[in-house]
Amino acid sequence: MKFSSYNFTPQIKENLEQLGFKRPTDIQYKSIPPILKGEDVLAIAQTGTGKTAAFAIPVIHRLQTSSFDRGSRRSIRCLVMEPTHELAIQITEVFQQLCLGTGVFAACVHGGVDQAPQIDRLGRGLDILVATPGRMFDLVSQGHIKLDDLQVLILDEADHMLDLGFIHDIRQLTKMIPRKHQTLFFSATINEEIKDLAYSLVNKAVRIQLSPQDPVSKNIEHSVAFIEMDDKRFFLERIINENPESKILVFVRTKIRAERVSKALERVGLSSQTMHSDKDQKERLLALKQFKEGNNKILIATDVSARGIDIPNVDFVINYDLPEESENYVHRVGRTGRGTQKGRAISFCSKEEKEILEEIQGFLQKEITVMPIEKNMYDETIAISEDSEHDWKSLIAEANEYELKKKRKK
């Protein structure tokens with residue numbers, strides 16, 4: 001079935017065509033009909049399957065075609081809760097692209113930036129508000145956000161919301177909105193705590209669960225390469241040089257490691273940017289923007305950013321370090337192979353990380369294909385690097401310099 005076959009308004013169909021949306025993904029195909037009917041939906045689907053469009057498209061259609069009398073000013077009729085600033089901003093962009101020309105308006109409020117422009121935007125009225133919990137509750141308490149006319153509540157990345165301790169905020173939110181409303185609950189993973197929360201919020205929900213035995217998108221080709229910890233930078237350099245036009249997202253375990261890997265690439269003439277919790281909001285958004293637009297093709301990030309990166313056409317995800325939490329593997333590799341796109345995920349595994357690899361494979365319930373590396377190729381990869389001498393003094397100096405800069409910021 002094609003999007004053109006749905007009974008959407010002409011403007012939504014035109015926007016879908018402009019964005020290159022031709023056929024719905026599985027989660028979109030299963031979610032759109034019940035959402036259009038006004039039913040509650042509880043959807044569990046792995047990251048990268050098109051969850052955002054699955055709720056955004058039918059909600060915009062319903063708001064555009066409803067006969068809601070908003071009186072003299074535009075009221076918030078849909079609230080989308082997101083766990084992080086980056087996700088809130090990116091989800092808003094999707095809504096705004098799909099809303100073009102429909103007369104439905106979406107905006108975003110989140111922390112980490114001055115609230116004044118957000119208050120100004122709220123004052124001009126909007127239909128869809130995308131928000132992070134902290135800033136939203138601040139603005140509700142100040143009287144800038146009113147939810148009396150809310151018709152649709154969307155909880156996106158619900159599992160991550162719980163990880164960040166927002167369960168109390170979510171329960172508080174339900175006391176502020178009209179009893180009669182539609183709830184859409186979307187999560188990449190599910191456990192007993194998420195189940196309890198979901199069933200306490202939804203009413204006779206249509207339950208949708210995709211590939212419960214395989215939490216990773218089928219569009220991703222996975223492989224693992226056994227590489228010693230000190231040699232990983234040489235193999236990363238090789239992958240980058242062999243794929244000069246590709247967007248490559250590299251995940252490391254710590255902030256210091258992110259800066260160290262970036263410096264190692266810089267020494268061999270490869271430009272990259274880093275994204276982690278020591279970067280302020282402006283720096284993180286700039287790094288995302290430049291990666292999204294292709295001005296920078298290599299982004300090095302920590303797990304704190306894994307859920308906040310929703311960039312089209314990421315060709316490779318490199319797990320430079322394996323994640324300590326098995327679930328984070330799913331969120332990392334889900335940054336590639338999104339929607340109908342194909343992607344590759346390559347994990348570097350050292351001797352010290354083999355136990356972590358086993359845990360990840362247990363979580364996935366399958367083995368990851370091993371990328372064979374002949375000894376002569378391994379040695380050649382190190383030998384051809386311009387940075388093949390192990391300059392431990394400079395690496396230590398870089399780490400010390402990074403720590404010093406961090407202290408100065410404080």
Side-chain angles (χ1 to χ4, degrees), residues 1-25 27-29 31-39 41 49-82 86-110 117-131 145-147 149-154 156 181-182 184 186 285 288-289 292-294 310-313 338-341:
M1 186 172 184
K2 294 183 177 181
F3 276 115
S4 57
S5 302
Y6 284 82
N7 192 30
F8 296 135
T9 65
Q11 193 56 55
I12 290 176
K13 285 186 177 181
E14 186 179 324
N15 292 340
L16 289 169
E17 191 175 337
Q18 290 292 323
L19 293 169
F21 284 48
K22 291 183 173 60
R23 294 178 180 274
T25 63
I27 188 64
Q28 291 161 7
Y29 180 75
S31 299
I32 288 172
I35 295 174
L36 286 173
K37 290 177 187 174
E39 296 178 281
V41 169
T49 53
K51 293 199 298 290
T52 304
F55 57 73
I57 297 166
V59 164
I60 294 166
H61 175 83
R62 286 192 68 210
L63 296 183
Q64 186 186 1
T65 56
S66 73
S67 57
F68 178 76
D69 179 11
R70 64 173 65 98
S72 60
R73 58 181 289 139
R74 194 177 292 273
S75 303
I76 296 169
R77 294 185 283 158
C78 173
L79 174 63
V80 187
M81 297 300 295
E82 296 288 343
E86 289 84 7
L87 272 170
I89 292 165
Q90 291 176 69
I91 298 302
T92 305
E93 288 175 359
V94 174
F95 268 100
Q96 289 173 338
Q97 289 170 336
L98 291 167
C99 282
L100 281 174
T102 63
V104 177
F105 295 92
C108 175
V109 298
H110 60 82
Q118 295 177 359
I119 292 170
D120 178 63
R121 180 65 191 86
L122 288 164
R124 286 183 276 129
L126 52 98
D127 302 282
I128 300 166
L129 177 65
V130 184
I145 291 177
K146 297 189 184 302
L147 301 171
D149 295 322
L150 196 76
Q151 297 174 349
V152 186
L153 171 63
I154 302 172
D156 188 27
H181 67 272
Q182 181 181 25
L184 309 178
F186 281 73
L285 290 177
L288 268 179
K289 183 174 184 288
K292 184 175 185 176
E293 294 174 353
D310 188 7
I311 304 295
N313 306 318
R338 299 182 73 77
T340 57
Q341 299 285 323

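- The distance from atom OG1 of T52 to atom CZ of F186, rounded to the nearest 0.5 Å, is 9.0 Å.
- In this view, E14 satisfies the side chain to side chain donor-acceptor pair (under 3.5 Å) rule with no residue, not counting sequence neighbours.
- Donor-acceptor pairing under 3.5 Å is lacking for the side chains of T102 and Q64.
- A salt bridge does not link K2 to E17: none of the charged side-chain nitrogens sits closer than 4.0 Å to a carboxylate oxygen.
- Ion pair R77/D127 flagged as a salt bridge, since at least one NZ, NE, NH1 or NH2 atom sits closer than 4.0 Å to an Asp/Glu carboxylate oxygen.
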| F8 and I32: CA distance, side-chain angles, deciding distance, side chain to side chain contact (heavy atoms under 4.5 Å, CB included) verdict | CA-CA 11 Å; F8 296 135; I32 288 172; 3.8 Å; yes
Practice item. Decide yes or no on side chain to side chain contact (heavy atoms under 4.5 Å, CB included) for L184 and Q182, but give the supporting numbers first. Key: CA-CA 7 Å; L184 309 178; Q182 181 181 25; 3.8 Å; yes
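- Counting only distance, with no hydrogens or angles, the side chain of Q97 and the backbone of L19 share no donor-acceptor pair below 3.5 Å.
- The main-chain N or O of E86 is found under 3.5 Å from a side-chain atom of Q90 such that the two form a donor-acceptor pair.
- The side chain to side chain donor-acceptor pair (under 3.5 Å) test applied to S4 returns no partner, not counting sequence neighbours.
- Considering SG of C108 and CG of L129, their distance stands at 7.5 Å, rounded to 0.5 Å.
- Between I89 and H110 there is a side-chain heavy-atom pair separated by less than 4.5 Å.
- Ring planes of Y6 and F3: tilted class, angle from 30 to 60°.
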Quick one, H61 with T65, criterion side chain to side chain contact (heavy atoms under 4.5 Å, CB included). Give me CA distance, side-chain angles, the key distance, then yes/no. CA-CA 6 Å; H61 175 83; T65 56; 3.8 Å; yes
